[in-house]
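First up is the structure itself, then whatever we jot down about it.
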Amino acid sequence: MYLSCTLTTFSDSRLRTTIPPQEIEYQRRRRATFTHIDSSNADIRFVDPRRSQEPAPPSKATTITVSVPSRLTGLSLGQFLPVLALILALIVQFFVPVYRRFNYQDQALRPVREAVCPSTPFEPPTCLPPPALAPQELHTFDSLSSRNMALAEAAQKVAKEFDYTTAQLNEAVEEFLREMDEGLAQDGTSLSQIPTYVTAVPNGTEKGLYMSVDLGGTNFRVCSIQLHGNTTFSLTQSKVKIPTEIMTAATAEELFAFLAKQIQLFLKEHHTEHYEGHMERIATGSTEKGYREQEIFSLGFTFSFPVHQIGINKGLLMRWTKGFDIADAIGRDVCGLLQTEIDKLDLPVRVAALVNDTVGTLMARSYTSPGKTGTLVGAIFGTGTNGAYVEKLARVTKLVARKENAEVGAYDASTGEMVVNTEWGSFDNALAVLPNTPYDAALDAESVNPGIQMFEKRVSGMFLGEVLRRAIVALLQTNEVPLFKDENSSLNELHSTTQVGRDSPLFARWGLDSSFLSVAHGDASPGLRITRQALDRDLGVSAASVEDAEAIKVMAAAVGRRAARLSAVALGAIVLESGRLDTVTGDEEADVVDIGVDGSLVEFYPGFEDYIREALREINGIGPAGEKRIRIGIAKDGSGVGAALSALVAGKQNLAK
Ligand code: BGC
């Protein structure tokens with residue numbers, strides 16, 4: 001704990017008083033934050049070490065130093081007395097909480113409370129007036145518990161808004177199946193059902209050295225992958241955060257030049273010999289050995305946005321999602337755009353396959369998964385959400401129509417199957433079956449793509465934090481709900497008042513990271529300490545009470561559970577459509593329906609898979625018996641390996657130009 005006391009206009013001689021270690025420990029526990037007592041230029045602060053950059057000094061006696069101004073030295077006793085009185089008042093102020101500890105009913109001193117002022121996007125009111133200080137009443141245990149009950153009830157009420165019943169679940173599955181069919185037959189549908197030209201999934205015996213890059217959200221990854229042919233691989237990778245200005249650049253060239261530059265840096269660092277040899281050949285213009293195809297890396301390009309794919313390494317961008325917004329790129333071939341920038345740098349790389357991250361996940365899971373059955377679905381539950389699955393080629397009827405218009409690239413039809421990228425983030429954009437709370441509606445209205453990706457806006461990590469934030473702020477703005485309103489320190493077992501800072505991220509759009517949901521939902525610490533720390537550290541809510549944290553936990557759990565139940569709609573519908581549950585061989589391993597998943601939500605949100613499973617059991621046609629046959633396995637960073645595998649498959653089929 002760091003304790004300071006200054007009289008800001010003073011500078012010279014000092015008066016000292018010493019605080020005993022027990023008091024420091026007590027203050028540490030109560031995490032006192034006296035905010036600006038602005039009388040006579042005095043400012044006392046107790047700085048919580050968790051909020052301070054400074055390391056906490058060992059708990060030893062701490063000295064409050066009060067400086068006395070040089071111009072006052074030599075003053076008469078009469079002139080000096082007011083200063084002394086002020087100093088004494090400050091010291092008394094410090095010890096009052098100690099006194100209060102032993103005198104629960106003494107409410108004489110009540111701290112200053114700041115106005116709660118949301119900056120955006122909640123209007124009206126734009127700025128909540130500081131809540132009126134309660135009359136000086138005695139708080140009995142009864143009034144405390146009815147207050148806490150009111151908060152718990154309010155939180156439960158919000159949680160209830162996120163309920164998604166069994167009936168709704170089954171209705172949504174029906175709609176999903178309908179949209180799957182519609183999307184396989186024609187373009188321009190809600191569920192895009194994009195044919196990927198990938199007609200085979202790996203079986204674990206594939207070998208070779210490949211490259212892949214992955215553009216899908218916050219980061220750009222460059223990898224080289226050595227496939228060992230025994231379901232294992234070695235991977236070298238580098239990852240860079242995509243600067244915000246690149247995500248919304250004016251031209252596509254800016255984005256793709258940035259990506260090509262990262263590939264160059266990766267090659268220089270991890271494949272130095274290969275890179276330098278190649279550059280030397282170019283520099284000397286040597287053609288002695290000819291242009292040797294095998295010296296060029298085949299690269300799988302994981303591009304996790306909706307693309308109208310017209311070949312294994314050709315796809316036109318349909319729309320951006322996840323905060324990207326570069327209008328210039330819409331309708332253009334993303335492989336061509338990347339290849340152009342790679343060629344400008346003379347890199348030994350050819351873009352051989354274009355894959356969505358879900359396709360990559362499906363390929364990677366199929367390569368590594370145990371057992372005899374090929375994986376059915378690859379799904380991402382991360383920043384965005386989507387799934388790809390193995391469909392019977394004959395059902396992808398829109399390919400036939402495209403063929404007639406000569407709009408279709410080559411593919412190997414012998415397997416009778418094709419991986420289809422559903423782009424399920426856009427399932428039910430019309431909101432026929434999706435839930436729509438006021439928080440969902442407001443989020444959508446203020447998003448960069450209103451009316452689009454409606455499923456994703458209720459399921460994926462990019463949005464869940466924002467949904468929860470809006471629910472919390474709505475409660476905060478309801479005067480009668482005592483959330484974060486312990487303006488009297490006797491209401492809070494920390495013996496401090498709860499403060500929501502003016503600039504709390506709670507009041508800023510996207511201010512609440514979805515990882516907070518995982519923290520709150522998974523918090524089993526005594527007194528929900530972890531959630532309260534996160535509230536303080538990440539959201540500027542100091543000294544939240546246990547009841548506040550409980551309310552937040554209830555709401556976070558509801559938002560997460562709804563996301564998982566909706567995820568089950570998509571997975572369940574695909575499992576049903578595949579017909580894989582219709583046959584039973586009796587061989588447990590052969591009867592498994594395998595699903596590969598990746599993404600922060602499924603990996604880190606506590607119980608996400610359990611909630612999915614709970615919902616799967618409620619789906620007609622799956623039930624408890626079907627759910628048992630469904631195996632869900634993480635394909636960590638699968639998209640990188642999967643893209644490499646797609647490049648390999650493309651090479652084998654000799655389809656890439
Ligand atoms: C994109 C998908 C992608 C998913 C997961 C969505 O926003 O539209 O193409 O697969 O995010 O990354």
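Start at 1 and go down the list; that is how both ligands and their atoms are numbered. Along the sequence shown, residues are numbered consecutively beginning with 1.
- Taking both residues in full, the closest heavy atoms of G640 and R221 are given as N-NH2, 3.6 Å, listed atom of the first, atom of the second, then distance.
- Residue A568 comes nearest to A615 through the heavy atom pair CB-CB, 3.5 Å, listed as atom of the first residue, atom of the second, then distance.
- Residues of the protein with a heavy atom under 4.0 Å from ligand 1 are S304, F305, P306, T321, K322, N356, D357, T358, I380, G384, T385, N386, E423, Q453, E456, listed by chain and number.
- The stretch residues 430-450 participates, sequence neighbours left out, in these ring pair (Phe, Tyr, Trp, His ring centres under 6.0 Å) pairs: F162-Y439.
- Residues I574 and W424 come closest through the heavy atom pair CD1-CZ3, 3.7 Å.
- The two atoms that bring D214 and S639 nearest to each other are OD2-OG, 2.6 Å, heavy atoms only.
- Taking both residues in full, the closest heavy atoms of F266 and M211 are given as CD2-CE, 3.9 Å, listed atom of the first, atom of the second, then distance.
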